[in-house]
Protein chains: 2
Amino acid sequence: MATIRDVAKLAGVSVATISRYLNKTGYVNVDTEHKIKKAIETLKYEPSSVARGLAGKQTKTIALILPDISNPFFPELARAVEDVASTYGYTVIFGNSDDQGVKERTYIELLKKKYIDGIIFASNTLNRDDAVQMNQSGIPIVCLDRGPDNHSCSVVRSKNREGAQLAVQHLLAAGCRKIAHIYGPMDLITAQERMKGYEDAVKSLPWFSPSLMVSGNFQINGGMKATEQLLHTHPDIDGIFAGNDLMAVGALKALHRMQILVPQQVKVCGFDGIQMAEITEPELTTVAQPIYEMGATVSRLLIKKIEGNLDTNEIYELDVTLIPRRSTQKGVHL
Amino acid sequence: MATIRDVAKLAGVSVATISRYLNKTGYVNVDTEHKIKKAIETLKYEPSSVARGLAGKQTKTIALILPDISNPFFPELARAVEDVASTYGYTVIFGNSDDQGVKERTYIELLKKKYIDGIIFASNTLNRDDAVQMNQSGIPIVCLDRGPDNHSCSVVRSKNREGAQLAVQHLLAAGCRKIAHIYGPMDLITAQERMKGYEDAVKSLPWFSPSLMVSGNFQINGGMKATEQLLHTHPDIDGIFAGNDLMAVGALKALHRMQILVPQQVKVCGFDGIQMAEITEPELTTVAQPIYEMGATVSRLLIKKIEGNLDTNEIYELDVTLIPRRSTQKGVHL
DNA sequence: GTCGAATGTGGTACCGGTTACACATAAAAT
DNA sequence: ATTTTATGTGTAACCGGTACCACATTCGAC
């Protein structure tokens, strides 16, 4: 591999000039420019990013820390992040935290040493202390879904509470008269917000009882268990709003096993809008988050921060959309 | 951030000694060791990976280039790759190639400049020339599924042809007497091999006709279209072997729309073993590849190569497993 | 005719590590 | 007692860029 000094020698100029030429910083005569261009070509010279990183403290690399890439919500997000990152010339390192604070912190250490330019956290265990520490160590971060409290970093999320209300209203409009909710892990803000939205919508209705809310783990099996439990204690429910699509899929499975017809006997609505929701039988109604857009936004935001075009911490709340499908279809009779 | 020279000063020794201590290369007196340890702690010193990279040409970073992380096959693979990479102290950069050679080559350029230690290609457009070039430029690469011809790099794949035979035999055993095949893009080795496996198993059977093989795009919609076409030309087929799970899911959808019962009228079998196959209705029989294991293997292999414990290029063919589910259940009558 | 700005280029310290080499001393071998 | 050998440490060049500063030259302005 040729170095900048090789190029300088061949072109008959100094390394400083080459550097200026490469970075378009400072003057370079047109003739010189041509000579340099030719030298670079004949040597097949490619400037070393590592050397640049060392000298300039910018690596054109960002990191994406998420709980688990194999959770169906994240691939699309990751795709969006990578798409915009690469558009702006950034590479992305990814890591799975399994929502464990330790792993997150280990990553942060690692990434600092690598002079990473910024970090996107799609993870929920990052706490305020960490965020503050990051801030003062000068590494821009942006969070997804959860802000480590108000203003220690920018946050991109969607309107979870509103979305949950939407879901319940949709179920009501579809004819449901007793709607249960399967909520996710309470340490996740998203799960909390969705539960609040559910409560907003049902608390004043005559049939409401807190025992209509059962916990799940945001996974398929959690949705199944919760559904079984639910139909055991409340055999008369006719609607289930699950805190995310995976649990809704679980609910569908459980109901199918119990030979309860969807949507005839029980209607089911999920939240997230993952691809999987389109292939269940019946297809799953869901409150779709703009997953790709969220990823793109968070990525763009981080890059803005990195390049110094943004120094305030803001919260972006993206709109959700209810996608009605067969699982909540009205007026389908037995 | 403290540098190695700060530590040296504080500990009262030279930078060389610090370096030796850090890398456990060469002798360091125990007393000195303690002094260094203390100095490092008080300064909260963390060696810069970038500087190390420049000096030592090793960045402890690998890249994973795949067609599209949002294709359900890849997240689990990515997870595996990252898991073992991080175990060995490596970070992973990921990129989406969309199976476009241009994008791949762009990545390669980028990664070279970053002194990446090695690359995993899960992509199929890498050709022999590229691989050879990589080899001589000293960057170890390992491929998934597709080797750019025999021995220019190591390859990890699963027994596609054998798996396809398995699928057809299973369908036959389940009572099918006319089995169609939806094959994937012919520029993908995997698709070719699976088709060959199908042919192996059916070519000598009386009912076989080449028109029973139709093409799909490895996506859900391709599976749907192919199925519609198939049932139009051959209304009497009673088994479909799809080249991958996504297309099988599409087949399921299409059959459902045509009101054809699965498995009563037509049985369907997929290939891959993605999570989605478990949540269809009926659940999808599939030839499961050991996805996680493939990722882990390819990752381990690459690291071995990087660390110089492997200089031959080998092919690892992992076993597939047929997972029988409802979509091919025998003896379910109308 | 002089001056200041614009244009163009080179020298070199610096980023923060690694490592070859030189040198010193203590322990073991002959 | 002398030569090896093992142990321990420092100096400084090097990895491949960036960027500050110094220095020339040209040119329009006053």
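Proteins come first, then strands; the chains are lettered A, B, ... in the order of their sequence lines, and each starts at number 1.
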Does OP1 or OP2 of C:dG8 have a side-chain N or O of A:Y27 closer than 4.0 Å? no
d(B:L64 CG, A:F94 CZ) to nearest 0.5 Å is 6.5 Å
Under 4.0 Å between any heavy atoms, over every strand shown, what does B:S19 touch: base, sugar-phosphate, or nothing? Just pick one. base
Separation of D:dG10 atom P from B:Y21 atom OH, nearest Å, is 16 Å
When B:V13 and A:P47 are each assigned the nearest nucleotide of DNA chain D, the 5'-most assignment goes to B:V13
From the candidates D:dC15, C:dG16, D:dA12, the one with an atom nearest any side-chain atom of B:V15 is D:dA12
- Item | Under-3.5 Å donor-acceptor pair between A:R20 side chain and C:dG8 base | no
Atom CZ of B:R5 and atom C1' of D:dT11 are separated, to the nearest Å, by 11 Å
From CG of B:N23 across to P of C:dA20 the rounded distance in Å is 12 Å
In whole angstroms, the gap separating P of D:dC14 from CD1 of A:I4 amounts to 18 Å
Out of D:dA12, D:dC15, C:dG10, minimum distance to the side chain of B:A16 belongs to D:dA12
Separation of D:dG17 atom C1' from A:I40 atom CD1, nearest Å, is 13 Å
Of the listed C:dC15, D:dC15, C:dT18, the closest approach to the B:L54 side chain comes from D:dC15
Rounding to 0.5 Å, atoms OG (A:S86) and OH (B:Y107) come to a distance of 4.5 Å
Whichever of A:N29 and B:V50 has the more 5' nearest nucleotide on DNA chain C, that residue is A:N29
Which part of the nucleic acid, if any, lies within contact of B:Y45, taking any heavy atom under 4.0 Å across all strands shown: a base, the sugar-phosphate backbone alone, or nothing? sugar-phosphate
B:H34 NE2 to D:dT9 P, in whole Å, measures 13 Å
inquiry  = Can you tell me if B:S14 touches the phosphate of D:dG10, counting only side-chain N or O atoms and a distance under 4.0 Å to OP1 or OP2?
reply    = yes
When B:Y115 and B:G26 are each assigned the nearest nucleotide of DNA chain D, the 5'-most assignment goes to B:G26
Inset, instruction - Have a look at B:E46 and say if it touches a base, only the backbone sugar-phosphate, or nothing, with a 4.0 Å heavy-atom cut-off. - result: sugar-phosphate
B:L22 CG to C:dT19 P, in whole Å, measures 12 Å
Is B:T17 near enough to D:dG10 that one of its side-chain N or O atoms lies under 4.0 angstrom from OP1 or OP2? yes
note: A:D31, atom CG; C:dG8, atom P; distance rounded to Å ~ 10 Å
The reported gap from CD1 in B:I141 to SG in B:C153 (rounded to nearest 0.5 angstrom) is 4.0 Å
### Query
For A:S48 and D:dG16, is the shortest distance between a side-chain N/O and OP1 or OP2 below 4.0 Å?
no
**Prompt:** Can you find a donor-acceptor pair, distance only, under 3.5 Å between A:R52 side chain and D:dG16 base?
**Reply:** no
Base, sugar-phosphate, or nothing for B:T32, non-hydrogen atoms under 4.0 angstrom?
sugar-phosphate
Check ion pair A:R79-B:D98 (N to O, under 4.0 angstrom):
yes
Could you check whether any side-chain N or O of A:T59 sits under 3.5 Å from a backbone N or O of A:Y115, counting only pairs where one atom can act as donor and the other as acceptor? yes
| message | Under a 4.0 Å threshold between the charged nitrogen and the carboxylate oxygen, would A:K305 count as salt-bridged to A:D117? | response | no
